[in-house]
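A short worksheet on the structure shown next.
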Amino acid sequence: MARVVVDVVLKPEILDPQGQAIVGALGRLGITGVNDVRQGKHFELDVEDSVDDATLARLADTLLANPVIETFSIRRT
Amino acid sequence: MARVVVDVVLKPEILDPQGQAIVGALGRLGITGVNDVRQGKHFELDVEDSVDDATLARLADTLLANPVIETFSIRRT
Amino acid sequence: MPLRIGVVTFPGSLDDRDAARAVRVSGAEAVPLWHADPVLPDVDAVILPGGFSYGDYLRCGAIARFAPVMRSIIPAARRGLPVLGICNGFQVLCEAHLLPGALVRNDRRRFVCRDQLLRVQNASTPWTASYYLEQEIVIPIKNGEGGYVADKRTLDELEGNGRVVVRYAGGNPNGSYRDIAGICNEAGNVVGLMPHPEHAVDALTGPGTDGLGFFTSLLRVEVRA
Amino acid sequence: MRVDTVETAEQTPEHPQPYKELGLNDAEYARVRNILLRRPTNSELAIYSVMWSEHCSYKSSKIHLKQFGEKAPETDALLVGIGENAGVVDVGNGWAVTFKIESHNHPSYVEPYQGAATGVGGIVRDILTMGARPVAVMDSLRFGPINAADTARVLPGVVAGIGGYGNCLGLPNIGGEVYFDESYVGNPLVNALCVGVMRTDGIKLAKADGPGNHVVLFGARTGGDGIGGASVLASATFESAGETKRPSVQVGDPFAEKVLIECCLEIFAADLVVGMQDLGAAGISCATTELAAAGTGGMDVALDRVPLRDPTLTPEEILMSESQERMMAVVTPDKLEDFLAVCRKWEVLATVIGTVTDTGRLRMTWRGELIVDLPPGSAADDGPVYRRPIERPLDQDAVVQVDGRGLPRPRSGDELRNLLLRLVASPNLADKSWVTDQYDRYVMGNTVLAQPADAGMIRLDETTYRGVAISVDGNGRYTRLDPYAGAQLALAEAYRNVAASGARPLAVTNCLNFGSPEDPGVMWQFADAARGLADGCRALGTPVTGGNVSFYNQTGSTAILPTVVVGVLGVMDDVRQHITHTFHTDRAPIYLLGDTRDEFGGSEWHAIHGFLGGRPPSVDLAREKLLAGVLIDAGRRGLIDSAHDLAEGGLAQALVESCLHGMVGARIALPPGANPFVALFSESTGRAIVTVRRGADADFTGLCATRGVPCWRLGAVDLLASDLEVEGLFRASLRELRSAWSSTLPARFER
Ligand SMILES: Nc1ncnc2c1ncn2[C@@H]1O[C@H](COP(=O)(O)OP(=O)(O)O)[C@@H](O)[C@H]1O
Ligand SMILES: [Mg+2]
């Protein structure tokens, strides 16, 4: 059994209202020095060792990320 | 300027319907060998070098994660 | 003098006008409170209404918790000021740690708006004194992140001390643990509620008038502020 | 990297430009050069190409849409007509209502959630621009077959997007439609309607009047949203700039829009603007040219002042960007500080980017250099107009002639009962609460009627109880069989729905969804539909106040069913007198109003057989008017306590819906001699069922007789019965009907 992490982030040119809202809130929290925040998704998968990279990529591309607006990265840990 | 990544995951005892839904969809995709999926959040921050670890921890603990249901990890990249 | 009930407006509040209307229907005076105003005027109680306080993209209520207006509401609530959080208001109260637990994405992963049967489990808070124990009422719910979650100890403690205020009956709409639709703090003055009683104060525009009790209850209890 | 300036353009007349890639043809490009007496700069080319696009210029539809104005019936109710962002109707007591429906079809196919969400956002800003507070939304949706893979991808996203955006704005969703048909595979339709309210003296128009006044851009920053086309300009023009990749998917930020709405309403209330324009398709190009053309005539803009989300955007890209949640206002110098103060209060970014002039030119600079200098009217109003070839499709006769007479018709009670269960479970007739439960219908506390009522109804005024009712309807199957009649059938149904709720129909909006205008067959459908709608509106006395056209909804050479979606708005003097479609009074007699004929062309009965042919139900608008009169008067006089219009699925479907809403049974007997199948399932129009109050039978039948509306007593409501009984034929239990009716969508989309 392996632990696989998939991080999904919005493509850089796509508007990220979630990240913007966080940046807006930082002032209220009194935190300075954070210039930009982008919010994405983080998936942790428990997979059999038999699951190959191609399968993981297909899984990420169809179920975890929306390739129209997002990109993903896969990491075996 | 530094890039900081904060990953937020649900505590194990908290139900994760989104992760469950993905597990449910795997069958339809014909993907086997993935036993569990948990969905969390992934933040990418652009911060000044002056921002110290304590500030980042406070940011994660009070804003990015809700410690009642979530845990987080911080990584400078 | 009628009771003065403050209704907070965050930039993304949506049901603030409805809550104010319900307050007026109950015979009290609605006092508008602006999110950016750190000073709490002289009010007998406060309502945090439904909506999406600051967009709520991160977690519902996560940013509202830090609003200037909350800086005065949080200590006042700790001192006993009756505070009712409806839907988004409930989320804000949990994020502000005035109430335990949290509200997460509905188990069906969809927003749900429907008329919901509820059972009153505590009829002695300043917000529920107009009801009787086990009374069944119908009130709209409308939420995307309305699943109440907490660890087992907290849940047991809520149950053991009568702090579950209302429970879903006739089907759990969002996966809330133990069918919890509303809870209160230890003192009972702070109540958080996922359903929207302000949408059930007039049969013309809601499923009935079952929600009115939440607003008239204050008249029945001695309000300490 | 050098910007293409007016000066460069003058010096390099032969410089090749990618106008074709931007959608302009040779003649259109030549026309631009003629207007400017030189080649356009890249920025000017950007402006002309978006402003002269089909979407913005209506170049193929304009000559047909003219009829809506020319044939408009006389009415005092219309305060602002076609041509503005949205029409405005006087609903009495000093209240005015503005409403409009708009398509966001293609974006919803590419990215269903964001496409639908930004569709709602766009129409809401149109309504806001008129000076109105948006108070409700509706949505008319079309998808491929329920079992198509495409539908499973598109429908949940579209619905979540409409809900996600509308719910977050705090606008109740009070109705809409969902239909499935093969032709919408790859071409879903997402038409969003918004209605807004203001005092009659609060109307705002989109014009930049008064030289010296400030032009303010406010709301979201400008990013590279929706400007796929502009990258052509960038790469073809700047030698070393390389391929810039811009997103064409616009992401909505409903919180930003909510704040923008409150900010604008406060600005209107304090009377701080001369004119206002929303930024939708064509963004700054559209807002500047339209404001200038409608006002004093000139405007100077410093384009480099536009606040950017992406600092690498070129001027052309800024001009074409479709970033959401932005508005443009014209403000007099003495009110600027107050205007900016309101923006600060709501934390809305506001930037003065220009000034109104009387030069008759729209001039834009970029870092001090002149990059645009054109007469604004040439882009905004005087675009190309085409009289596209029209030709009745070759297969049209065949489609009409093969009329489905041969399909086996049920006869026995059992067969009829089985058909009923099958029809109520069919995707087009099944319960839509899986969709509508995702929409907030309660917010604002003024919703009197919403899904599944015939029409949505909202209260405008808490003291007088004045309100409005709206219904949106359209049946592409009917329109395919006969575009002229189909458009009128859509109008008639929406009109009837509004009347069934008790409201008096006043005005019309519409969205015309068609295939390619370059296909003469499609253009024939379009021309006939537009003519049908204009004639219909004249006959019913309800003017078209605005609308939208969406062309190019097709895959390859196969177009969607021509889909005319019509919204009818009616006024209700006292919303407490509204009528619902719910059976609720024990033993209340049920009457059927209107004539039933053997009409199945385009019907749902045909649809479940996968068949489309014949003629659609006949239209009788005079009868519709009489029927509406009966429904409204009977409601007002308290003679009826429920009313439900008959449409797809006919009498049987209407009875089932009226029974199931309150889970109340009914017993009916069909008229003697009637063919039971026809009586139950025909889709003849101009019909409704009502329940009459105790003791009001004579008054009610008298009213029908005077108005010349046939009525027939079908039977009665039976509070204790747990079934719907059609005497001598069958009984169907309410439980069984409910389970058939309400399982279809969840079974498919619940996962
Ligand atoms: N099918 C139609 N029926 C009536 N009016 C229409 C129709 N299509 C477009 N219009 C009108 O043409 C004008 C321009 O439409 P459009 O460019 O979509 O407006 P906007 O840019 O404000 O969204 C509007 O007044 C609109 O109401
Ligand atoms: Mg507009």
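Note that these values count all heavy atoms, side chains included, but never hydrogens, waters or copies made by symmetry. Letters A, B, ... mirror the listed sequences (proteins, then strands); counts begin at 1.
Between D/E462 and C/R21, the shortest heavy-atom contact is OE2-NH2, 2.9 Å.
Note on D/L169, D/I458, D/D253, D/V575: by heavy-atom pairs under 4.5 Å with chain C, the leading option is D/D253. Taking D/S433, D/P254, D/G445 one by one and counting their heavy-atom pairs under 4.5 Å with chain C, the maximum is reached by D/G445.
Going from atom SG of D/C168 over to atom OH of C/Y57 covers 5.0 Å, rounded to the nearest 0.5 Å. Within the model, atoms CG of C/L204 and CZ of D/R576 stand 8.0 Å from one another, a figure rounded to the nearest 0.5 Å. Taking CD1 from C/I141 and CG from D/D440, the interatomic distance works out to 11.0 Å, rounded to the nearest 0.5 Å.
Salt-bridge check for D/E262 with C/R17: passed, with a basic side-chain N closer than 4.0 Å to an acidic carboxylate O. Salt bridge absent: C/R114 and D/D437 never bring a charged side-chain N and a carboxylate O closer than 4.0 Å.
Counting only heavy atoms from C-beta outward, the side chains of C/D56 and D/F255 never approach each other to under 4.5 Å. You'll find the side chain of C/K142 stays beyond 4.5 Å of the side chain of D/N167, heavy atoms only. Put simply, the side chain of D/E750 reaches to within 4.5 Å of the side chain of C/R110, judged on heavy atoms. Side-chain contact between D/K258 and C/L14: present, with at least one pair of heavy atoms (C-beta onward) separated by less than 4.5 Å. Side chains of C/T205 and D/T447 form no contact here, defined as non-hydrogen atoms less than 4.5 Å apart. Taking 4.5 Å as the limit, some side-chain heavy atom of C/C113 sits within range of a side-chain heavy atom of D/R441.
There is no contact between D/V159 and chain C, counting heavy-atom distances below 4.5 Å. In this structure, chain C has a heavy atom under 4.5 Å from the backbone of D/Y439, while its side chain stays farther away. Heavy atoms closer than 4.5 Å to chain C are found nowhere in D/L449, neither backbone nor side chain. Residue C/Y54 touches chain D through both its backbone and its side chain, counting heavy-atom pairs closer than 4.5 Å. Within the 4.5 angstrom heavy-atom criterion, no atom of C/D16 approaches chain D.
No donor-acceptor pair under 3.5 Å is formed between the side chain of D/Y442 and the backbone N or O of C/H196.
Under a cut-off of 6.0 angstrom, the local environment of CZ in D/R735 is sparse, with at most 12 non-hydrogen atoms contributed by other residues, nucleotides or ligands.
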